[in-house]
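For clarity, every value in this text was computed on a predicted model and none was experimentally measured. Chain letters run A, B, ... following the sequence lines, proteins first, then strands; residues in each count from 1. Keep in mind that the numbers below use all heavy atoms, side chains included, and drop hydrogens, waters and symmetry copies.
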2 protein chains.
Amino acid sequence: MRRVPAQIAARLPGAAELFADRGLEDTKVEDIASATGVPKATLYYYFAGKEEILAFLFQDALQQMADEVTMAVQAADSAATRLTAVVQAQLRVMADQPAVCRALVGNLGRAGRIPEIATAITEAYYTPVQHLLEEGVRDGSLRATEDPATTAMVLFGAVTMSALSYLATDRPLSAESLSPSILTVVLEGLLPPDSAPQES
Amino acid sequence: MRRVPAQIAARLPGAAELFADRGLEDTKVEDIASATGVPKATLYYYFAGKEEILAFLFQDALQQMADEVTMAVQAADSAATRLTAVVQAQLRVMADQPAVCRALVGNLGRAGRIPEIATAITEAYYTPVQHLLEEGVRDGSLRATEDPATTAMVLFGAVTMSALSYLATDRPLSAESLSPSILTVVLEGLLPPDSAPQES
DNA sequence: CACGGAGTTAGACTGTTAGTCTAGACTCGT
DNA sequence: ACGAGTCTAGACTAACAGTCTAACTCCGTG
């Protein structure tokens, strides 16, 4: 993939809408060309195919996610507070780029098959969150879990899926309105406050 | 879609492997034919195209999911206990049909565009779980959440995403080994047991 | 101002594959 | 034996991804 000039990169998000609405398969390269105003020949000049265009959009969104998550993780607060910030950061990025996120989730399978994307998700999210969970155990602000890697996945899934349900139904997604519902569950759990902690 | 005879239906899961590994787009109808032993002409005799074959596989798995979830929901225990059973039921179905589930999750976007599938997921999962959450508030075994619909989504996402990570990396998925990690988070939360309940 | 290289594009072309169609074969109930 | 429905091979069409070529623009440099 050649270095993509900013002028062209700026027009590509127009394609995300198509990918999100119809899926990659049903999006013709000609459609991308006319939606973005970038001619087909030029698209092929920069990208090996539409899959690479999709990957480019994902990289972009994931970079933004990585930045936001990193910032949240590096704050000076307790791990629990920072975890809250991470969830809100993810929701903010998803709210910010609804089309790309819908396309990403709608093509999770394909995305998983693109090694760069899988790596990017791991680096942007799982690894930092996993470390954060471990720190939380150390600073006493979070409960120890059997397997922090799985817990990170649980968090990611919880946030992603509920955000997606908003995006998929064209309801506006705002981090402020959704995060309390999610955070209540993952931080305090579904058992009532007065019940004794129990093994499942 | 014609009524699909059992003999043919029984062979179709062989196609799920292909869909899961390569995605729908990169799976040729000829490949499906040779993987399942059902000739291409016959596939077109019963299905309008490969998308319909995928949908058929999904319906099947989702029916199984609906059955298991319904059974779990209708047990005579407290809502909290039944919720635990629901999570385990979902994990069991996913462990049981790894290829179909990978294909399903990897094609969630497409599935969202097939109305029958979206409806089936809602009926098999969201609606019963949402009712269960409301019952839990009534019988005192679960905490009240702002929005049970969102909470159901959070649960579904948490279970689906973590299970998927196992399936995607070819680690064997067993409901027994994964459910405790998930249930600890969603039932007891990530805050330490001795911390006072707090607003986020 | 020539020159050359890189970016950009139109448009023609090729190959693959989804999906159609036809005609025949193989059931099975009557 | 007959007819209706099931099943299949193989030829065919149409659409689309991706390639290629040949031009044109816009640079900076000598």
Side-chain angles (χ1 to χ4, degrees), chain A residues 1-60 103 106-107 109-111 113-117, chain B residues 1-58 60 103 106-107 109-111 113-114 116-117:
Chain A
M1 197 197 306
R2 264 173 247 255
R3 210 191 53 73
V4 180
Q7 238 180 359
I8 292 190
R11 296 199 195 161
L12 290 179
E17 210 78 43
L18 297 178
F19 290 144
D21 287 343
R22 317 181 194 167
L24 187 65
E25 186 171 14
D26 294 339
T27 304
K28 287 170 249 177
V29 177
E30 303 278 12
D31 294 342
I32 302 174
S34 63
T36 59
V38 180
K40 180 177 135 167
T42 307
L43 290 173
Y44 277 107
Y45 180 74
Y46 286 109
F47 304 98
K50 49 184 174 172
E51 181 137 332
E52 220 172 67
I53 297 175
L54 191 68
F56 180 83
L57 288 167
F58 288 170
Q59 299 269 23
D60 209 66
N107 290 280
R110 185 179 314 277
R113 258 172 277 118
I114 304 173
E116 293 80 36
I117 300 298
Chain B
M1 198 195 310
R2 263 174 248 255
R3 210 191 52 74
V4 180
Q7 239 179 356
I8 291 190
R11 295 199 194 161
L12 290 180
E17 210 80 42
L18 298 178
F19 290 143
D21 287 342
R22 315 181 198 168
L24 186 65
E25 185 172 15
D26 294 338
T27 303
K28 287 169 249 178
V29 176
E30 301 280 12
D31 294 342
I32 302 174
S34 63
T36 58
V38 181
K40 178 178 137 168
T42 307
L43 290 173
Y44 278 107
Y45 180 72
Y46 286 110
F47 304 99
K50 47 184 175 172
E51 183 134 331
E52 217 172 69
I53 298 176
L54 192 68
F56 180 82
L57 288 167
F58 289 170
D60 209 65
N107 291 280
R110 189 179 315 277
R113 259 170 277 118
I114 305 174
E116 294 81 38
I117 301 297

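Here D:dT25 presents its P atom at 17 Å from CD of A:Gln7, a figure rounded to the nearest Å. Computed from coordinates, the A:Leu43 CG to C:dG7 C1' distance equals 14 Å when rounded to whole Å. Distance A:Arg11 CZ to C:dG7 P: 17 Å, rounded to the nearest Å. Summarising the geometry, the separation between NZ on B:Lys50 and P on C:dT17 is reported as 9 Å, rounded to the nearest angstrom. Taking atom CZ of residue A:Phe47 and atom P of nucleotide D:dT19, one finds them 15 Å apart after rounding to whole Å. In this structure, the CD atom of A:Glu52 is 14 Å from the C1' atom of D:dA17, given to the nearest Å. A:Ile8 places its CD1 atom 10 Å from the P atom of C:dG7, with the value rounded to the nearest Å. In this structure, the CD atom of A:Glu51 is 13 Å from the P atom of D:dA17, given to the nearest Å.
Inter-residue side-chain proximity for A:Phe58 and A:Ile114 is flagged as unmet; no heavy-atom pair is nearer than 4.5 Å.
Here B:Glu30 contributes atom CD and B:Leu43 contributes atom CG; the two are 9.5 Å apart, rounded to the nearest 0.5 Å. Between B:Ile8 atom CD1 and B:Arg3 atom CZ the span is 10.0 Å, to the nearest 0.5 Å. Taken to the nearest 0.5 Å, the CG atom of A:Asp26 stands 11.5 Å off from the CG atom of A:Asp21. Atom OG1 of A:Thr42 and atom CZ of A:Phe47 lie 10.5 Å apart (nearest 0.5 Å). Note that the NZ atom of A:Lys50 and the NZ atom of A:Lys40 stand 11.0 Å from one another [nearest 0.5 Å].
Counting only heavy atoms from C-beta on, B:Ala41 has its side chain closest to D:dA9 among C:dA10, D:dT19, D:dA9. Distances were taken from every side-chain heavy atom of A:Lys40 (C-beta onward) to each of C:dA18, C:dT9, D:dG18; the shortest belongs to D:dG18.
Using a 4.0 Å cut-off on heavy atoms, the residues of residues 21-35 of chain B that approach DNA chain C are B:Thr27, B:Lys28, B:Val29, listed by number.
Both A:Gly49 and B:Val38 lie near DNA chain D, and the one whose nearest nucleotide falls closer to the 5' end is B:Val38. Comparing B:Tyr44 and A:Pro39, the nucleotide of DNA chain C nearest to each residue sits closer to the 5' end for A:Pro39.
Here the shortest heavy-atom pairing between B:Ala33 and B:Pro39 reads CB-C, 4.1 Å.
Within the 4.0 Å cut-off from OP1 or OP2 of D:dT6, at least one side-chain nitrogen or oxygen of B:Tyr45 is found.
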